[in-house]
Each structure stands twice: as structure tokens, then as C-alpha cells.
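A short worksheet on the structure shown next.
To find a chain, count down the sequence lines: A is the first, B the second, and so on, and within it residues start at 1.
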Number of protein chains: 2
Amino acid sequence: MSEKFIQSVDRAIDILELFSLAQQELSVKEISDRLQLSKSTVHGLIKTLEHRGYLEQKPTDQKYKLGLRLFELGNLVGSGMELRNLAYPIIQELVAKLQETVHLVVLDKDEVVYVEKVEGPAALRMYSMLGKRAPMYCTGVGKALFAYLDEATVDRILQEAEMTAFTPFTLTDPDAIKQELGKIREQGYAIDDEEIEIGLKCVAAPIFNHEGKVIASISCAGPKHRFSDDKMATFIHEVKQAALAVSRRFGYRG
Amino acid sequence: MSEKFIQSVDRAIDILELFSLAQQELSVKEISDRLQLSKSTVHGLIKTLEHRGYLEQKPTDQKYKLGLRLFELGNLVGSGMELRNLAYPIIQELVAKLQETVHLVVLDKDEVVYVEKVEGPAALRMYSMLGKRAPMYCTGVGKALFAYLDEATVDRILQEAEMTAFTPFTLTDPDAIKQELGKIREQGYAIDDEEIEIGLKCVAAPIFNHEGKVIASISCAGPKHRFSDDKMATFIHEVKQAALAVSRRFGYRG
DNA sequence: AATGGCGTTCGATAATATCGAACGAACAGG
DNA sequence: CCTGTTCGTTCGATATTATCGAACGCCATT
């Protein structure tokens, strides 16, 4: 007895999480079908969420979409992140130097989450979205973080994650990945060369806290042709320096 | 009988909304005290929210803070906003031209909500935060929007809103405000000259949709001394042009 | 050791979320 | 102009489920 969690809250969250960029509006019927709940149950939950601004009903077709209150709360979380605030000026400087887009990610539930992005000036840009999640094993930022986790965690994640070969260059063999992580630790940076998307290259480096624990990573990413060999040396150096600068702000002594 | 809304969902939302930039972490006790609920009730709700990633418990002191999932959902809302996507390139261009920070707001529940911000290069910046709310009557963006609402709505808002004089220049008299709104309609733009904060000046213009209904507004804002008379003409012209360009993307024929 | 404060767990109870059925509006097709 | 369907919404009975107070165990302080 006593289900651990509050059913109606769980269901309300289920409703919110049905929405996505590809599915920006849903009807009561669609929601009740997908969650296998009665229309009236869903209706009650929806009306509560709507009343609080977490859902909005479009007047035209009565469908529902996510409400502005989520935007407000989400930005509150973003603004409150110490990491973002400490890293932001350093990231801006890095973009100014490299003229390429820089990302900041944190680890959450065995994935990376993009928490900051500053775009470079070039018209051809990497598509990314704050709040987006990506796997550890095939992104620059992911690997830079991954390489500095303790071995038990690495093994667990490698075992649990289902590895997809997004491109012919994606590493999906656990042993190959572990070897790659060793190389990253030696070098102090990670490279993603078309491992998640053809044409996309990036250089990433880890960020540590005062205990020397990895907590985040940054990367500079762009189209492969702008990452020529002679530029790479600069990119690597600057990204490493920037990551170190952020780490220092966290009290890291390296 | 049949309370209109689902109690536990409402309470879960109450919990989330207790958090703010000033209050980034709360204990179970603090939450149960503030909401006047038993610790066990609050605990159940919290654990549900935590399990779903909407709250996180800090290992150090067991207090709770907002979770990354809110960041994700909030950014999903932001990315899904048609207005933002249509307006973004125009806003970027405007910032490049004027070298001042540009904001985009929408109307929600009789207030304006900041949904986009692109900062100018100057070191001295206006503080603002995406998702933040501000009153209609004393901000440039607010007045630009306000001026084009139907009169009944204007009257209702003027009656319901409690007007605070943030500075000696804030208009708080309903009649004075209505007169100002008329002037704005004549000119097609609004100016906020230290009405919400001393030293802060801004120029704002409304954005309309295909029906000619006002749906948003943009502004260019900065420290008063950078808004000299000779620059103002340019600022006004460019902000109006940019707002019109966004309106056109919405099918507005003006 | 003893105390107080806290997060957490437990179980009984009553409140409350849930479901199915039914209503009314909007729409499509004959 | 009806008829049938679909969907959002409302309602009331029912039993599930959220709620509360009490108690536990942990930690820090005295």
C-alpha cells in the first residue's frame, strides 16, 4: 500500500511531459488516450494546470499547449545557476576569441544537459537548444565529462546506455569508448569529429569544482571545415584555458 | 463537493512557486510552515516532484531547490514560441544597428513578460531576466502594448492594477496614463524616461498580428545618458521599423 | 547523556480523485 | 435540415488515495 508518490501530481507531470517541440499542442482526447486515463480525470488535471498558467487553451481549436509559467520558472532555474553566472563572462570571451559557438553543459541522470550557449558570428550555425539533453558517449562535451567520472560510474553508464551509431564515426563499442576516455584524460580535452552529426566538429574540456570533481564541460563547436588543423591547436588551447578558468572560480586548484 | 481543481496538483505547484531568485532553497519544514500543511503531506509532494526532476535535494543540508527538468520544459516553451523565432533575427539586427539592448515582451494576465533579450555591447547594462514580469503602466514595452488594447480592457486594468510610483516620474494617475496612451497611439511608439528606475530610458513599439491585434512589443533600453536627443530620432525610427517588420511576418498589413 | 530540530516513515481515517455516463456544442455528410 | 459523430465539459457515486498526527532515527548542540 501507500504508493510512494502522489498519483495526481505524477499524472499532471505526465501531461506536461507529453508536449515537445514536435508536439506543441494536444487535445484532451489525445492526452487521455496516450496516458490511458479517462477524459474526466485528464480534464481535471488540465484545468488545474491551466488555472495556474502551466497550460494554455487555444481559443481557436480548444487544444492545449504549455503555458508561460513554465517559461518563467525555467528561466528562474537558469538564472539561479551558480555555474552559469560564473562561467558566462569566460564563455563570452572565448566566443570573441574563437568566433565559434560555445556551449556549457552539466551532467544529469547519465546525460548532458545544455545550460548555456553563446553563438558565434558565422551564419552557418550548429543547431542547439538550451535544456536539450544529449548522450555522453558521442558528444564532445559528453566525453569530456565522462572521462573524469569514477570508473564504476563509467562502467554502469556504458552498460545501461543503449548506444546508437548516429554516424559512421560514432563509437559504440564500450572498450573503444573506454580507451578514448583514457586518451582524453591524458590530453585534458575531448574532440568530437562527426560522431553525432556529419559535418559537425567540436573541442571540449571538463570543468571541476573545489574537490576536483568534474561538474560540467564546455565546448566550441561548428562546421568541420572551419576546424582546420592549424586552427585546432588554438581551439584546444583556448577551450582548455577557459575551462580551467571556470574551474578556478569554483575553487579548483590545478 | 467537487472542488474545481485537483488539490494535490495545486499544492505541488504552490511548492514550486515558493522558490524565487531570492529564495533558491527551502527545507521541508519551511515549506510546510509557509503552506500550512503537515510535514508528511509536503514530504509526499516533494518526493514526487524530486523523483520527476522538478526538485532536487542538496546532499549537504537536505534542503530542496528547483530541478533541471523545469529548465528543460521552460526552454521548450521558449523555443516553441513562434513570436520568438520570427522576431529573433530582426532583433539581432536592431541590436547591431543601435548598440543597445533590445527586449521582446508579450502580454499575459495584465502584465508584460520578457520573452527575449539580446544584449548590446556596452558594459553598463540594464538588468533584466527572461521570464520576468513587469507592470504595463510604467515600462516602455508595457505602455506600447497597453496603448493598443481595447478601451474596456485598458479601463479594467487601470482599475485593478495597484499603481506604485517607482520613481518621481512614474505616472500613477489613471487619467494621466490614458492621455499618455493616446499620445503613444498618435506617435506609434512609447518612451519610458526613468518611470520604473532612475537612470533608465527606453524606446518601445508595438507588434501586431494579421488581425491588427497587438500581441507583443519590443524596446531598446539603456542608461539615460546614452539616449541623447540626437540619437533618439534614430532609436525611434529603427525600433518602429523593427516592430513593423516583425508585425509583417505575422501577416500584419499596415 | 540529554535535548531539540529535522527529514522521514507509518497507519488509520476521511476526504478526494477517479471513472463512466451523460450533456451540449461543433462539425460533416447525406 | 436532419443525423451521426466527435470532442470538451459536467455530474454524482464509489473506492481509491491523499492527508494528518504520531513516532522513529539521525545529527548537532548543550
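- With hydrogens and angles ignored, a donor-acceptor pair closer than 3.5 Å exists between the side chain of A:Ser40 and the base of C:dG20.
- One interatomic measurement links the two molecules: CG of A:Asp10 to P of C:dA17, which rounds to 15 Å at whole-angstrom precision.
- No hydrogens or angles were tested; on distance alone, a donor-acceptor pair under 3.5 Å links the side chain of B:Lys39 to the base of C:dG7.
- Comparing A:Gln7 and B:Ser38 by the nucleotide of DNA chain D that holds the closest heavy atom to each, the one mapping nearer the 5' end is A:Gln7.
- Distance CG (A:Leu37) to C1' (D:dT9): 17 Å, rounded to an integer number of Å.
- Both A:Val28 and B:Leu45 sit near DNA chain D, but only A:Val28 has its closest nucleotide nearer the 5' end.
- Put simply, CD on A:Gln62 is 17 Å from P on D:dT6, counting in whole angstrom units.
- Counting to the nearest Å, the C1' atom of C:dT9 and the CD1 atom of B:Ile46 are 15 Å from each other.
- Rounding to whole angstrom units, CD1 of residue B:Ile31 and P of C:dG5 are separated by 19 Å.
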Return a table of donor-acceptor pairs under 3.5 angstrom between the side chains of residues 246-254 of chain A and protein atoms on other chains or two or more places apart.
| residue | atom | partner | partner atom | Å |
| --- | --- | --- | --- | --- |
| A:Ser247 | OG | A:Phe208 | N | 2.9 |
| A:Ser247 | OG | A:Ala243 | O | 2.9 |
| A:Arg248 | NH2 | A:Gly254 | O | 3.3 |
| A:Arg249 | NH1 | A:Leu86 | O | 3.1 |

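- At a threshold of 4.0 Å, the pair B:Arg34-B:Asp14 does not count as salt-bridged, since none of the basic side-chain nitrogens sits closer than that to a carboxylate oxygen.
- Using a 4.0 Å cut-off, some side-chain N or O of B:Arg11 falls inside it from OP1 or OP2 of D:dT19.
- Helix bend of the helix from C:dA1-D:dT30 to C:dG30-D:dC1: the angle between its two end axes, each built from five pairs, comes to 40° after rounding to 10°.
- An OP1 or OP2 oxygen of C:dG5 is reached within less than 4.0 angstrom by no side-chain nitrogen or oxygen of B:Lys29.
- Between A:His43 and D:dG8, a side-chain N or O to OP1/OP2 separation shorter than 4.0 Å is absent.
- B:Gln57 and B:Lys47 are linked by a side-chain donor-acceptor pair at a separation below 3.5 angstrom, with hydrogens and angles left out of the test.
- What separates CG of A:Leu35 from P of C:dT18 is a distance of 12 Å, to the nearest Å.
- Between A:Phe5 and B:His51, the angle of the ring planes stays under 30°, which puts this pair in the parallel group of the 30/60° scheme.
- Remark: B:Tyr64 is in phosphate contact with C:dT8, judged by side-chain N or O atoms under 4.0 Å from OP1 or OP2.
- One can place NZ of A:Lys4 at 18 Å from P of C:dG7, the figure rounded to the nearest angstrom.
- In this structure, B:Gln57 reaches the C:dT8 phosphate: one of its side-chain N or O atoms is under 4.0 Å from OP1 or OP2.
- Between B:Arg133 and B:Asp108, at least one side-chain nitrogen of the basic residue sits less than 4.0 Å from a carboxylate oxygen of the acidic one, meeting the salt-bridge criterion.
- Sparse packing is recorded around NZ of A:Lys65, with 12 or fewer heavy atoms of other residues, nucleotides or ligands lying under 6.0 Å away.
- Note: CD1 (B:Ile6) to C1' (D:dT19) measures 15 Å, nearest angstrom.
- Salt bridge A:Lys58/A:Glu56: absent, no basic N to carboxylate O contact under 4.0 Å.
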